[in-house]
Amino acid sequence: MPELPEVEVLVQHLCPLLRGKIIRSVQIRRERVIRPTSAATLKRVLVGAKFTELTRRGKFLLFQLRHPQRKTSFTLVGHLGMTGRMFVLRSGEPLPKHAAVVLELGRRRFVYEDQRYFRRLNLDESSVARMGPEPLSKDFTPAKFAQALAGSSRAIKVKLLDQDLVAGVGNIYASEALFRARIAPQLPAGKLNAEQVRALWKAIREVLTQAIRFGSTIPLHHGPDAASRDGLFYYGRAAGAPDYYEERLRVYDRAGQPCSRCKTKIQRIVQAARSTYFCPKCQRKISAR
DNA sequence: CACCATGTTCCTTG
DNA sequence: CCAAGGAACATGGT
């Protein structure tokens, strides 16, 4: 369940539960999720280490750890892929079916599960190193954004998914930001005019900020059973929580429904093998002057 | 059975 | 070198 806002809310939730805790032992139940780190290396490094901080970079979770005796610090890198989850359980509680890595913390345990085993929890920071600016930081300016888009012939929707451009935007928020900025997803990235670049810059920040604020107001449940795990927030949709979930996603997964602005039917198209949703009337293909 | 799914990486082709 | 497209990863929902 991961794009930037979901990861941010998860980080805020987990941080106080982990900070100061020492890893007593490590269970690796699916070795493929820790590649390229080996099981032996991960265990050797983690056992005895203390969580000092948890931060987010794009969609990655960065767990800072320190060995009190060895006086060494290092980073454990996590990513949820499309279906990954992380939560803290009491030690007696049963593990979910797809628990991939379990860190025993004494009375509690930290669990990383992923039904599809797509993503990772390891010591490899290479993917994090080459990421673009954080969209909610001061590093992300309209001028830099314009420069990064200039000269690209790729469709703007596809370009937004490139983590080197901006960190943390995924398939849902890419469509949502373009709708809010009234830009057609097929428009080549390099053809946005200055006004469109600024509108998109603003829309990205607004939709991500709103989603974080929204998610932060929802109590995070994290039990092993499916029902409570569905309580983990997703902006605009969640089973069994109708009150919270008004129409926040305006186009994503709404093919055939009326546009909230003009009532034209929302269209679904495929770009780079991913679904894109947009309003063909509100989002025009206006090129640079 | 078919198709779809919030992500990333690798490979091929042009 | 770049861009585009597709497959792969593995499981589950509809």
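In the text below, chain A, chain B and the rest are named by the order of the sequence lines, each starting its count at 1. Keep in mind that what you see is a predicted model, and the values were worked out from it rather than measured.
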> Once you round it to whole Å, what is the distance between P of B:dA5 and CG of A:Asp253?
Replying inline: 8 Å
> Does A:Glu195 have any salt bridge (Lys or Arg N to Asp or Glu O under 4.0 Å) partners at least two apart in sequence or in another chain, and if so, which?
Replying inline: none
>> Can you list everything that forms a ring pair (Phe, Tyr, Trp, His ring centres under 6.0 Å) with A:Phe179? Sequence neighbours excluded, please.
In response: none
> What residues form a salt bridge (Lys or Arg N to Asp or Glu O under 4.0 Å) with A:Glu125, not counting sequence neighbours?
Replying inline: none
> Sequence neighbours excluded, which residues qualify as salt bridge (Lys or Arg N to Asp or Glu O under 4.0 Å) partners of A:Arg29?
Replying inline: none
> Along nucleotides 8-14 of chain C, 5' to 3', which nucleotides get a B, which get an S, and which get a -, given that the test is a protein heavy-atom distance under 4.0 Å?
Replying inline: -BBBS--
>> Of the options B:dA5, B:dG7, C:dA3, whose atoms approach the side-chain atoms of A:Arg154 most closely?
In response: C:dA3
>> Taking the C1' atom in each of C:dC9 and B:dC1, what is the distance between them to the nearest angstrom?
In response: 22 Å
> Once you round it to whole Å, what is the distance between C1' of B:dG7 and OH of A:Tyr252?
Replying inline: 12 Å
> How would you list all residue pairs meeting ring-ring contact (aromatic ring centres under 6.0 Å, His included) that involve residues 26-45 of chain A, not counting sequence neighbours?
Replying inline: none
> Using Watson-Crick and G-U wobble pairs whose two distances are both under 3.5 Å, how do you write the pairing of DNA chain B as dot-bracket, with | for links to another strand?
Replying inline: .||||.||||||||
>> So, using side-chain contact (heavy atoms from CB on, under 4.5 Å) as the criterion, who are the partners of A:Ala189 when residues are at least two apart?
In response: A:Leu149, A:Ser152, A:Ile156, A:Lys159
> Where along nucleotides 8-14 of chain B does protein come under 4.0 Å, by heavy atom, of base (B) or sugar-phosphate alone (S), with - for untouched nucleotides?
Replying inline: BS-----
> Between the side chains of A:Gln12 and A:Glu8, is a donor N or O closer than 3.5 angstrom to an acceptor N or O?
Replying inline: yes
> Heavy atoms under 4.0 Å, any strand shown: does A:Ser152 hit a base, just sugar-phosphate, or nothing?
Replying inline: nothing
>> The criterion is side-chain contact (heavy atoms from CB on, under 4.5 Å); which residues satisfy it with A:Arg107, sequence neighbours excluded?
In response: none
> A:Val128: which other cluster members, linking ILVMFWY side chains closer than 4.5 Å, directly or transitively?
Replying inline: A:Phe60, A:Leu62, A:Val77, A:Met131
>> Could you check whether A:Ser275 and A:Arg268, counting side-chain N and O atoms only, form a donor-acceptor pair closer than 3.5 Å?
In response: yes
> Considering only the C1' atoms, how many Å lie between B:dT8 and C:dC1, rounded to the nearest integer?
Replying inline: 22 Å
>> Measure CG/A:Leu80 against C1'/B:dA5 and give the value in whole Å, please.
In response: 16 Å
>> Taking salt bridge (Lys or Arg N to Asp or Glu O under 4.0 Å) as the definition, give me every residue that meets it alongside A:Glu134, ordered by chain and number, with sequence neighbours left out.
In response: A:Arg56, A:Arg57
